[in-house]
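Step one of this worksheet: look at the structure below.
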Amino acid sequence: MKGEAKVRIEEEAIIAMLMMRAKALGEKNAAEVLSYEAEDSVEFSLAPPLVSTGKNEAGLQAWFDTWEGPIGGEVRDAKLTVGGDVAFWSGLLRMTGTKTDGTEVDLWFRQTLGLVKQDGHWIVAHQHASVPFAMDGSGRALLDLEP
């Protein structure tokens, strides 16, 4: 039972961190978002390039600046697995909002986060976001799928 209690405490700490990070994302606060990431984090995002490493506050803020108002979100089918000082989280995320050019965004995508515990705090060390693509040879991203 002692081990289960420790895992539950770690799960609660991770969920609290992820909630604060999500709030910062919605509020477009690049510095705060990055405060929850490792210095040497690795990201496979929806946008190019294929891989990004480290923290890029200017780049994240530039992307935030393409949004009018807050960025909305929703999570479904979240799963968290904790083992020692590493954990991973996966789920389906919905991103909503309006871009500065007036485009309305309502997109579901998949995300997996790799987390590590450093100096007693959980942080994101790896993130991977993706959408399925048509398997008909067109290579077309399927942006209209919903859970």
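The model shown is predicted, which means the values in this text are computed figures rather than measured ones.
Grouping the Ile, Leu, Val, Met, Phe, Trp and Tyr side chains by contacts below 4.5 angstrom, directly or via other members, places Met17 with Leu113. In the hydrophobic clustering of this structure, Val124 groups with Met95; members are Ile, Leu, Val, Met, Phe, Trp, Tyr whose side-chain heavy atoms approach within less than 4.5 Å, directly or through other members. Met19 and Leu115 fall within the same hydrophobic cluster, where Ile, Leu, Val, Met, Phe, Trp and Tyr residues are linked whenever their side-chain heavy atoms come under 4.5 Å apart, directly or through other members. When the side chains of ILVMFWY residues are joined at heavy-atom separations under 4.5 Å, either directly or via intervening members, Trp108 and Leu46 end up in two distinct hydrophobic clusters.
Evaluation of the side-chain hydrogen bond (donor to acceptor under 3.5 Å, both in side chains) test over residues 135-147, restricted to residues two or more places apart or in two chains, returns Asp136-Ser138. Identified under the side-chain hydrogen bond (donor to acceptor under 3.5 Å, both in side chains) test for residues 75-90, with sequence neighbours left out: Glu74-Arg76.
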Passes ring-ring contact (aromatic ring centres under 6.0 Å, His included), His126 versus Phe88? Steps please.
-> CA-CA 9 Å; His126 177 88; Phe88 71 90; over 10 Å; no
Would you check, one step at a time, whether the test side chain to side chain contact (heavy atoms under 4.5 Å, CB included) holds for Leu34 with Leu60?
-> CA-CA 9 Å; Leu34 295 177; Leu60 182 56; 4.1 Å; yes
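Aromatic ring orientation, Trp63 versus Trp67: perpendicular (interplanar angle above 60°, classes split at 30° and 60°).
Counting heavy atoms of neighbouring residues, nucleotides and ligands inside a 6.0 Å radius, atom NZ of Lys99 exceeds 12 of them.
Ile15 CD1 to Met20 CE: the interatomic distance, rounded to the nearest 0.5 Å, is 12.0 Å. Separation of atoms NZ (Lys117) and CH2 (Trp122) is listed at 6.5 Å; rounding is to 0.5 Å. The distance from atom CD of Glu43 to atom NE2 of His128, rounded to the nearest 0.5 Å, is 10.5 Å. Between the CD atom of Gln127 and the OG atom of Ser45 there is a distance of 8.0 Å, given to the nearest 0.5 Å. Between atom CD of residue Glu57 and atom CG of residue Asn29 there is a gap of 8.0 Å, rounded to the nearest 0.5 Å. Remark: Leu93 CG to Phe109 CZ distance equals 4.5 Å, nearest 0.5 Å.
The shortest distance between side-chain heavy atoms of Val105 and Thr98 does not fall below 4.5 Å. Contact of the Leu107 side chain with the Val131 side chain is registered, since non-hydrogen atoms from C-beta on lie closer than 4.5 Å. Taking the side chain as every heavy atom from C-beta outward, Arg94 and Val75 never approach each other to under 4.5 Å. At least one side-chain heavy atom of Leu80 sits less than 4.5 Å from a side-chain heavy atom of Ile14. Looking only at side-chain heavy atoms (C-beta outward), Leu18 and Tyr36 stay at 4.5 Å or farther from each other. Residues Thr53 and Ser41 fail the side-chain proximity criterion, which asks for heavy atoms closer than 4.5 Å.
In summary, Glu12 and Arg8 engage in a salt bridge, as defined by a charged side-chain N under 4.0 Å from a carboxylate O. Remark: Arg21 engages Glu37 in a salt bridge, criterion side-chain N to carboxylate O under 4.0 Å.
Minimum heavy-atom separation, Leu92 to Pro147: CD1-CB, 3.8 Å. Shortest non-hydrogen contact noted between Lys55 and Ala38 is CE-O, 3.8 Å. Nearest heavy-atom pair, Arg110 versus Pro132, reported as atom, atom and distance to 0.1 Å: NH2-N, 3.4 Å. Taking every heavy atom of both residues into account, Gly69 and Lys28 meet most closely at O-NZ, 2.8 Å.
Between Glu68 and Thr100, the side chains place no donor N or O within less than 3.5 Å of an acceptor N or O (distance only, hydrogens not considered).
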